[in-house]
Participant: 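Handing you a structure now.
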Amino acid sequence: MPPRRLRACHECDWVAALPPLRPGEKADCPRCGHTLVRRHYRAAQRSLALAVAALVALALGVSFPFVSFQVGGIGNRIELTQTATTLIGFHQPLVAIVVLLTILVLPAVYLLGVIWLQSGLMRGAPWPGSRALARSLDHLNPWMMADVFIIGALVSLIKIAGMAEVQLGTAFWAFCAFAVLLLMTTQSIDGDWMWFTLAGEPRAPHGTHPGERAAVQDITGCPTCGLIGRLDERGRGQCRRCGERLRARLPHSQQRTWALLAAACVMYLPANLYPIMTTTSLGHSQPSTIIGGVVDLWQMGSWPVASVIFVASILVPVGKVVALAWLCLAVRHSDELHASTRTRLYRLTELIGRWSMVDVFVVAILVALIRAGSLMSITPGPAALAFAGVVVLTMLAAMTFDPRLIWDGPDHSRPQHLEEVAHDR
Ligand SMILES: [Zn+2]
Ligand SMILES: [Zn+2]
């Protein structure tokens, strides 16, 4: 009988033995329900095919016109990259970089990485650098926002539909296909199979017990490949399979989350007080803030779009700050019943955070597209940068929060050395 494969849950630290999995099956943590492993059918072929298709769609998306508009005989047609480059002309290089990275550069790097990695796995001999690549690709996931950009494009089009004639170009549809294929590629990666094929499965440290928390056994699950590794007396170690640093808990998790939340709150003020963009129509300029934009849309009767912007730009960032602050405060008052509710809340804050970027993309698209001189034009406002900052800071805050703290309990079950380590780091 082969040795049992053990895993420590990344969200609640419970050690569980993986059952044998057939393609299409998954193994969930028995304590918190987090999916530990999901087995895919022909994982490498599938990821490779999807990544190639996504890359082709992206190539089409950048080579054809994206959208065009016409008002009073004057029109403009833009390509996808212009949504970023036009911002540089308005002295918003940071926002331009954020747009360029999240919709083009990071996805392209990710897809090329997947192709390199999976083609090596398929031929049975991984290409050089495969391990380092496998370790880093996962980190790109939350920062790729092609799907959010599509929503931003739709919102922009509805916003100006009443004022000008808008036409969608070939690249718009190609980019939609790209966003879907990119999502499918990220979903298709079977990390467990990939690491097993790359580096086998070393046995779990001697004396590892399933059905108990990892921290009390001085072991932890590797955040990248999942293998269980031994920790030293300071709560540190290194993964024997992928080389990732192992830590009992993310260092200074609560302090870092608090600091990032505070920074996000500070940035939230200019994000709402300053205009996010200025619309010039027939020589008359009208600046609008985020909330002002929502109110205008509502009064124009586009309440579905007004609701999207309200949820993405106001409800989600504020809700996320409140939720993370509450999670940090509640860490010390833990009981298992509420722990699973709080873990679900944490997963939700991690999942929805990136969707706040919609308004930043709306600004990028409208600024690039609406260029008809004094007849009609849109310029970006200082709030665009501040708001992009809020989104990035709250995403980082969710990442630095260690959900295992939720399950650690107030004092009775928290191992002594974790307290000491927290002080001397
Ligand atoms: Zn769990
Ligand atoms: Zn590892």
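Numbering starts at 1 and runs along the sequence shown. Counting convention: from 1, in listed order, for ligands and their atoms alike.
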Participant: Below 4.0 angstrom, N of the basic side chain to O of the carboxylate: do Arg342 and Glu11 qualify?
Facilitator: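 Looking at Glu11 together with Arg342, the answer is no, because their closest N to O distance does not fall below 4.0 Å.
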
Participant: Between Asp147 and Arg354, is there a side-chain N and carboxylate O pair less than 4.0 Å apart?
Facilitator: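 Arg354 and Asp147: salt-bridged.
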
Participant: What does the angle at the Zn ion (ligand 2) come to, between atom SG of Cys242 and atom SG of Cys225, rounded to 10°?
Facilitator: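 An angle of 120° at the metal.
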
Participant: So, are Arg213 and Asp408 salt-bridged, with charged N and O less than 4.0 Å apart?
Facilitator: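 Yes, this pair counts.
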
Participant: Is there side-chain contact between Met399 and Pro142, with heavy atoms separated by less than 4.5 Å?
Facilitator: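 They are in side-chain contact.
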
Participant: Within the structure provided, determine whether Asp138 and Thr224 are in side-chain contact (heavy-atom separation under 4.5 Å).
Facilitator: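 No, their side chains stay 4.5 Å or more apart.
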
Participant: Just the protein N/O/S atoms under 2.8 Å from the Zn ion (ligand 1), please, no waters.
Facilitator: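 As for protein N, O or S atoms lying under 2.8 Å from the Zn ion (ligand 1), they are Cys9 SG, Cys12 SG, Cys29 SG, Cys32 SG.
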
Participant: Measure up the Tyr268 and Phe387 rings against each other and bin them: parallel (under 30°), tilted (30 to 60°), perpendicular (over 60°).
Facilitator: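 Tilted.
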
